[in-house]
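Please read the structure below before turning to the comments.
Each ligand, and each atom within it, is numbered from 1 in the order the structure gives.
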Amino acid sequence: MKKAFITGVTGQDGSYLAELLLTKGYEVWGLVRRTSVFNRERIEHIYLNKKNENFKMIYGDLSDSSNLSGIIYELEPDEVYNLAAQSHVGISFEIPEYTSDVVGTGTVRLLDAIKKSKKKIKFYQASSSEIFGKVHEKIQSESTPFYPRSPYACSKAFAFYITRNYREAYNLFAANGILFNHESPRRGENFVTRKITLSIARIIKGLQNELTLGNLDAKRDWGYAPDYVEGMWRMLQHNKPDDFVLATGETHTVREFVEKSFNIANIDIQWEGKGANEIGINKSNGDVLVKVSEKYFRPSEVDILQGNSEKAKTVLGWENKTTFDQLIEKMVNADIDYVNKYNFIYK
Ligand code: NAP
Ligand code: GDD
């Protein structure tokens, strides 16, 4: 039985990856942090199910090298998936030093523990399309130069290079997955897609009056998280370590995401005004449902991301499965259920 160790198991991707690896017969160990309030909603359905006796949790933190090296020494996993991060780009401007420590130095801590292990351990690094930032090419691939635009992206760029460096210097099986945005009903509530779908569910239930956003013109390549964790696993099953882009190949504005999400709830949005004064109105009754606040603008923005995952398709046989419209439908419907039931269990 293969043993996997996942950092960030309580996060969106960690929870889907744990499910995937369990179905493939792995013993899965997830790193969890001590928190004053339990934050294990995304993995509760896994560890409360007696059938998942191969799922185990272990306390730790990416800021603690002695803890990480102790875990690698004790567990001797076959595969390590480093998904832990302060992953919010906007918030990284508020806490740049912490973000760099966890996202950047945290990756070296883990790589170094793996390097010292007697076992040949495969390592997956959760790299990000944010490293392309102020893009040098219209469509970004593994060969596009980096131009990071936030403390988060700068830290991910460092983590990318240090992963590649450990691969070249110490012959580690270390792979970077350069993943474009991927979403799901388990997405954190302060990322734009989930903020939109949860707000819409609350608006139609009468629990919220309006949705306040930042830059409506930003464009992203949005996929569906369960499709992407399959790609992570494939990278570690390949016969040699390499770096791969996972993306849908399409790009859409935040504005489009808002319009389509409201459409699922049979509401048509009409836009009026410009910049911070722009509003989105319910066409049928004139209610203001969307506002813009400069509070959500970023000091330096990534205007557009659009990925080319041809290499992952050719080498790994990975392809995006879920369309933009299907993703929106899944998220809006899940949030309508969530708000209706309140005791929502992540699916
Ligand atoms: P997420 O939902 O924000 O989850 C982040 C995870 O990291 C959580 O389990 C969190 O634990 C953990 N974590 C944060 N700080 C930590 C620390 N100091 N020590 C140990 N664990 C810590 O992120 P995600 O969307 O699943 O993304 C997974 C990874 O992929 C991240 O590295 C992210 O930067 C990267 N990525 C994501 C996307 C995307 O679109 N989702 C795209 C490209 C790359 P708590 O639950 O305790 O906070
Ligand atoms: N969060 C947020 N909240 N973003 C907003 C808002 C808002 O109210 N209004 C507009 N946006 C814009 C942001 O300025 C950004 O251009 C875009 O919506 C997407 O923002 P996020 O959903 O926060 O995601 P992100 O693209 O910055 O980062 C995500 O994707 C990266 C991969 O490209 C995160 O998951 C990162 O961890 C990941 O690396």
Side-chain angles (χ1 to χ4, degrees), residues 6-18 30-35 37-43 59-64 67-68 81-92 98-99 101-103 105-107 109-110 124-133 140 148-150 152-153 155-156 159-160 176-184 186-196 199 211-225 228-229 232 245-247 252-255 257-258 290-293 295-305 307:
I6 304 175
T7 73
V9 78
T10 54
Q12 170 189 258
D13 291 5
S15 63
Y16 286 121
L17 180 65
L31 188 79
V32 293
R33 297 199 285 176
R34 189 270 156 181
T35 47
V37 174
F38 254 48
N39 64 347
R40 299 185 191 167
E41 293 91 343
R42 294 186 180 104
I43 54 170
Y59 277 106
D61 199 293
L62 275 215
S63 62
D64 185 338
N67 160 262
L68 294 175
Y81 295 85
N82 183 30
L83 309 187
Q86 189 303 93
S87 72
H88 199 288
V89 175
I91 294 172
S92 79
Y98 173 76
T99 303
D101 186 45
V102 173
V103 176
T105 316
T107 305
R109 291 186 184 107
L110 201 46
Y124 172 85
Q125 170 57 18
S127 190
S128 163
S129 51
E130 276 291 303
I131 57 181
F132 300 123
Q140 302 88 51
R149 296 270 283 170
S150 64
Y152 167 82
S155 312
K156 282 287 184 190
F160 175 94
N176 282 296
I178 310 172
L179 271 51
F180 283 63
N181 298 49
H182 44 279
E183 320 291 311
S184 74
R186 296 184 198 173
R187 187 54 142 155
E189 291 169 18
N190 57 357
F191 294 90
V192 77
T193 56
R194 184 78 201 287
K195 182 172 167 184
I196 293 166
S199 296
L211 158 67
T212 306
L213 294 169
N215 181 6
L216 296 171
D217 296 313
K219 293 178 103 175
R220 288 292 181 276
D221 180 329
W222 279 297
Y224 180 46
Y228 285 53
V229 299
M232 295 176 186
V245 161
L246 300 186
H252 300 273
T253 57
V254 170
R255 185 190 302 280
F257 199 103
V258 171
V290 188
K291 285 186 177 168
V292 173
S293 167
K295 183 175 140 189
Y296 298 110
F297 290 173
R298 293 175 180 174
S300 46
E301 174 67 293
V302 172
D303 297 318
I304 176 164
L305 291 173

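Checked against a 3.5 angstrom limit, the closest N/O atoms of T35 and ligand 1 fall outside it. At under 3.5 Å, a nitrogen or oxygen of Q12, whether backbone or side chain, sits near a nitrogen or oxygen of ligand 1. Annotation: S87 places an N or O atom under 3.5 Å from an N or O atom of ligand 2; distance criterion only. The N/O atoms of G214, backbone and side chain alike, include one that comes under 3.5 Å of an N/O atom in ligand 2. At a 3.5 angstrom cut-off on N or O pairs, S63 does not count as close to ligand 1. Annotation: S129 places an N or O atom under 3.5 Å from an N or O atom of ligand 2; distance criterion only.
No side-chain donor-acceptor contact under 3.5 Å links R255 to the backbone of D217. Within the 3.5 Å criterion, the main-chain N or O of I178 finds no donor-acceptor partner in the side chain of N176. Remark: side-chain polar atoms of T7 are paired, donor with acceptor, to backbone N or O of A84 under 3.5 angstrom. Although no hydrogens or angles enter the test, the distance criterion places a donor-acceptor pair under 3.5 Å between the side chain of K156 and the main chain of A126. Panel note: side chain D221, backbone F180; no donor-acceptor pair is recorded below 3.5 Å. Looking only at distances, a side-chain donor or acceptor of R109 sits under 3.5 Å from a matching main-chain atom of L62. At least one donor-acceptor pair closer than 3.5 Å links the side chain of S300 to the backbone N or O of R149.
In terms of protein heavy-atom proximity, atom 18 (N) of ligand 1 is closest to D61 OD1, 2.8 Å. For atom 11 (N) of ligand 2, the closest non-hydrogen atom of the protein is V192 CG2, 3.8 Å. Regarding atom 8 (O) of ligand 2, its nearest protein heavy-atom neighbour is K195 NZ, 2.7 Å. Nearest protein heavy-atom neighbour of atom 1 (N) of ligand 2: N190 O, 3.0 Å. The nearest protein atom to atom 28 (O) of ligand 2, hydrogens excluded, is given as V89 CG2, 3.5 Å; this is a heavy-atom distance. Of the protein's non-hydrogen atoms, Y152 OH, 3.5 Å is the one closest to atom 38 (C) of ligand 2. Ranking protein heavy atoms by distance to atom 9 (O) of ligand 1, first place goes to T10 OG1, 2.6 Å. Closest protein heavy atom to atom 15 (C) of ligand 2: R220 NH2, 3.4 Å. Looking only at protein heavy atoms, the nearest one to atom 14 (O) of ligand 2 is E301 OE2, 2.6 Å. Closest protein heavy atom to atom 6 (C) of ligand 1: G8 CA, 3.6 Å.
Residue Y98 approaches ligand 1 through these ligand atoms, each under 4.0 Å from one of its heavy atoms: 15 (N), 18 (N). Heavy-atom contacts of Y296 reach the following atoms of ligand 2: 8 (O) (cutoff under 4.0 Å). Per-residue contacts place N181 under 4.0 angstrom from the following atoms of ligand 1 (heavy atoms of the residue considered): 40 (O). Interface atoms of ligand 2 facing A218, defined by a heavy-atom separation under 4.0 Å, are 16 (O). Ligand-side atoms of ligand 2 in range of L305: 33 (O), range being under 4.0 angstrom from any heavy atom. Distances below 4.0 Å separate heavy atoms of S128 from the following atoms of ligand 2: 31 (C), 32 (C), 33 (O), 38 (C), 39 (O). Close contacts of ligand 1 with S87, meaning ligand atoms under 4.0 Å from a residue heavy atom, involve 1 (P), 3 (O), 23 (O), 33 (C), 34 (O). Close approach of ligand 1 to A126 (heavy-atom distance below 4.0 Å) involves ligand atoms 29 (C), 30 (O), 32 (O), 35 (C).
Closest approach of Y81 and M232 over heavy atoms only: CE2-O, 4.0 Å. Contact between S150 and E130 at its shortest, heavy atoms only, is OG-OE1, 4.2 Å. Shortest non-hydrogen contact noted between S63 and D101 is CB-OD2, 3.7 Å. When all heavy atoms of A159 and Q125 are compared, the closest pair comes out as CB-NE2, 3.5 Å. Minimum interatomic distance between Y152 and S92 (heavy atoms only, all atoms of both residues): N-OG, 3.1 Å. Closest approach of V292 and T212 over heavy atoms only: C-CG2, 4.2 Å.
Taking 4.0 Å as the cut-off, R40 does not count as a neighbour of ligand 1 on heavy-atom distance. At least one heavy atom of Y152 sits under 4.0 Å from some atom of ligand 1. Ligand 2 lies out of reach of H182, whose nearest heavy atom is not under 4.0 Å from it. At least one heavy atom of R187 sits closer than 4.0 Å to an atom of ligand 2.
Rounding to the nearest 0.5 angstrom, the gap separating the CZ atom in R220 from the OG1 atom in T253 is 11.5 Å. For the atom pair CD1 of I6 and OH of Y124, the computed distance is 12.0 Å after rounding to the nearest 0.5 Å.
A salt bridge between K219 and D303 is absent, with no side-chain N of the basic residue lying under 4.0 Å from a carboxylate O of the acidic one. At a threshold of 4.0 Å, the pair K195-E183 does not count as salt-bridged, since none of the basic side-chain nitrogens sits closer than that to a carboxylate oxygen.
Partners of S15 under the side-chain contact (heavy atoms from CB on, under 4.5 Å) rule, at least two apart in sequence or in another chain, are R42, I43, R186. Residues satisfying the ring-ring contact (aromatic ring centres under 6.0 Å, His included) criterion with F191, sequence neighbours excluded, are H88.
Contacts with ligand 1 closer than 4.0 Å are made by backbone heavy atoms (N, CA, C, O) of S127 only, the side chain lying farther away. Only the side chain of N39 comes within 4.0 Å of ligand 1, judged by heavy-atom distances. Both the backbone and the side chain of H182 come within 4.0 Å of ligand 1, judged by heavy-atom distances. Heavy atoms of K156 found under 4.0 angstrom from ligand 1 belong exclusively to the side chain. Both the backbone and the side chain of L213 come within contact range of ligand 2, each with a heavy atom under 4.0 Å.
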Mind running side-chain contact (heavy atoms from CB on, under 4.5 Å) on V192 and W222 for me, showing each step along the way?
CA-CA 11 Å; V192 77; W222 279 297; 3.9 Å; yes

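With E183, R187, E41, M232 as candidates, the residue nearest to atom 41 (N) of ligand 1 on a non-hydrogen basis is R187. The closest heavy-atom contact to atom 29 (C) of ligand 1, among the options L83, T107, D101, comes from L83. Selection from A85, G30, G11 by nearest heavy atom to atom 7 (O) of ligand 1 gives A85. Of the candidates L305, N190, D13, L179, L179 brings a heavy atom nearest to atom 43 (C) of ligand 1. Among K219, R194, R298, E183, the residue whose heavy atom sits closest to atom 21 (P) of ligand 2 is R298. Which of V103, I131, D217, N181 comes nearest to atom 32 (C) of ligand 2 through a heavy atom is settled by distance: it is N181.
Annotation: side chain of I91 is in contact with side chain of N190 (closest heavy-atom distance under 4.5 Å). A 4.5 Å side-chain heavy-atom check between V229 and H182 finds every atom pair outside the cut-off.
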